[in-house]
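Order of listing sets the numbers, starting from 1, for every ligand and every atom in it. Residue numbers start at 1 and run along the sequence shown.
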Amino acid sequence: MTSAPELPTTYAPTAEFAAAANAGPELAERARADRLAFWAEQAERLHWDRKWTDVLDWSNAPVARWFTDGRLNVAYNCVDRHVREGRGDKVAIHFVGEPGDTRDLTYADLLAEISRAAHHFQSLGLVPGDRVAVYMPMIPEAIITMLACARLGLTHSVVFAGFSPAALRSRVDDAEARLVVTTDGQFRRGTPAGLKPAVDEALSAPGHTVENVLVVRRTGQDTPMTAGRDHWWHDTVERQPAEHTPESFDSEHPLFILYTSGTTGKPKGILHTSGGYLTQAAYTHHHVFDHKAGQDVYWCTADIGWVTGHTYIVYGPLANGATQVVYEGTPNSPDEHRHFDIIDRYGVSIYYTAPTLIRTFMKWGRQIPDAHDLSSLRVLGSVGEPINPEAWRWYREVIGHGDTPIVDTWWQTETGAIMISPLPGVTAAKPGAAQTPLPGISAQVVDEEGNPVVLGETEANGYLVLDQPWPSMLRGIWGDMERYQTTYWDRYAKQGWYFAGDGARLDPDGDLWVLGRVDDVMNVSGHRISTAEVESALVGHTGVAEAAVVGASDDTTGQGIVAFVILTATTENTGDTLVNELKAEVSREISPIARPREIHVVPELPKTRSGKIMRRLLRDVAEGRELGDTSTLVDPAVFTAIAEAKGD
Ligand code: WTA
């Protein structure tokens, strides 16, 4: 690798691509001329049962109301509309199961299934505003469940099916869910594993609000059912009528809650509502991916357990009448050819994935993608973490046959939809940079006091803020509006800006580079995990007195979790057994995605005089760097001991 600084190379769209692209330069001009009129224009791509009176009401900031008094049904917009307009026979979902089973669902099929599920949910006595927890692998019924909720004005809370029973329970409790929808099991690299038992475990202690558990048969596992509480999907939903009349809901009706890690151990329930969210989901999917219904086959490889799955598998693509691939499993099941085989077989033209997977593909070697016809691809997307220029170039060269635009999309669970990204027919793309706020979106890079960083200065680093409300912005943290205020709005209270929690840089061309989290949130394979959550799982073990966790850079996963633990005086369990036990404990308590890469047993932790653990220094240690400033430490010698323990 060369380390000499090179002038950034840009990759302009071809004239041919630009000429046919959904978004041209005039899009940004229109948005600049009149931002709210621009968003109103975007909202027009939806079907409204009653038109809004105001585009934006920001009088109750920081809780926005978009398209006030407008009424719509989100599921109608995603499904019924396409059927009514004569596109019922069009494939909505090409489902590929991990064992290799496939199933195509047209928009008409999807409508029938959603209608049946909606009838069943109503028969359970659920009413608009009730919460439904969804704990399912990537199968069509997960999407059907989400849309049946949307159809009825039920607020779904999808919990990633890799999360532990404890994590499920805390989310179910926080949202006071009345129904849990799950499956008997899920496939993990070819092997079926139970999932329903995790629900049983989560609900084993009394005091929860769940009245019903609906179970889809997926793996055929033996599944004990609790009488009166548990029902099979095939015994209930499938017996319901296939027609269902949708009601309309207020533009601000809660659509979903999605939990994400924050700086404290308790996950935040990010709340999204209907009209503004769907508007921006549809707008961004159309323009950022240059999606053309009727031509493209779209594939977003995310899981519905994350926001990317919500906005770019369920709401955005379906609102735009897309034909998409939904794949249940891992990329190396049965072998490393899986994704490329799917692209080839279905003629995927738009492919949206995470840098961590691209780096994994790089490790596997180009002979794998090279064995397939990937010529159908015409737009590639990246999301979840900064993409290193090397991976960017490999992605374009090897997967995108050297001529495919790449959109590096920056956004968050909180923003609901893409905020900063190149536009594939407009932007001369720069490897590694998300570059430009989308038309209609306004962002700045500012210092601690809120002064814009100065363009052209070599160190134009600062914090990323969003200085104007946007349609798909979160409307709060479920049950904790104070935390909403303090987490996002207090930092720049004077200016009224949203603090994203990311560091960013402006280069001399004015392009924005997102550098990563500036808070105690780690980004592992594009998943947000808080250091506090992992620390609390570690100290939950009787052998551990204290723990400090940092995210250290990792070639494949972006960051890897490195933990430093001090043992209790009484523990006799030390060494590898303990370390393995602790790793397993974290997997069990949170999820395998939170399993530490390394755990070091140390005699002490570096602390400031006020008792705060110096994570910055631990990160230096974990990444094998020279130590930064240690002058504020109580005892700098602690590092000699840590280095010894780490075996350096
Ligand atoms: C990071 C995922 C750089 C960022 C949609 C953000 C990125 C967090 C990018 C949100 C990108 C996401 N470039 N960093 N293109 N996309 N991030 O809530 O730190 O799971 O704050 O949403 O991921 O993660 P979340």
Handout entry: Within the protein, residues bringing a heavy atom under 4.0 Å of ligand 1, chain by chain
Key = Val307, Thr308, Val383, Gly384, Glu385, Pro386, Asp408, Thr409, Trp410, Trp411, Gln412, Thr413, Asp502, Val514, Arg517, Asn523, Arg528

Fill in the blank from the handout: Across all chains, not counting sequence neighbours, the ring pair (Phe, Tyr, Trp, His ring centres under 6.0 Å) partners of Trp410 are none

Handout entry: Electrostatic pair Glu414:Arg528 at N-O distance under 4.0 angstrom
Key = yes

Completion exercise
For Arg615, the salt bridge (charged side-chain N to carboxylate O under 4.0 Å, His left out) test, sequence neighbours excluded, returns Asp520, Glu535

Handout entry: Sub-4.5 Å side-chain heavy-atom contact between Pro452 and Val445
Key = no

Practice task
Report the residues that fulfil side chain to side chain donor-acceptor pair (under 3.5 Å) with Asp296, sequence neighbours left out, ordered by chain and then residue number.
Solution key: Ser349, Arg378

Handout entry: Nearest non-hydrogen partners of Leu357 and Pro331, listed with the distance
Key = CD1-CG, 3.4 Å

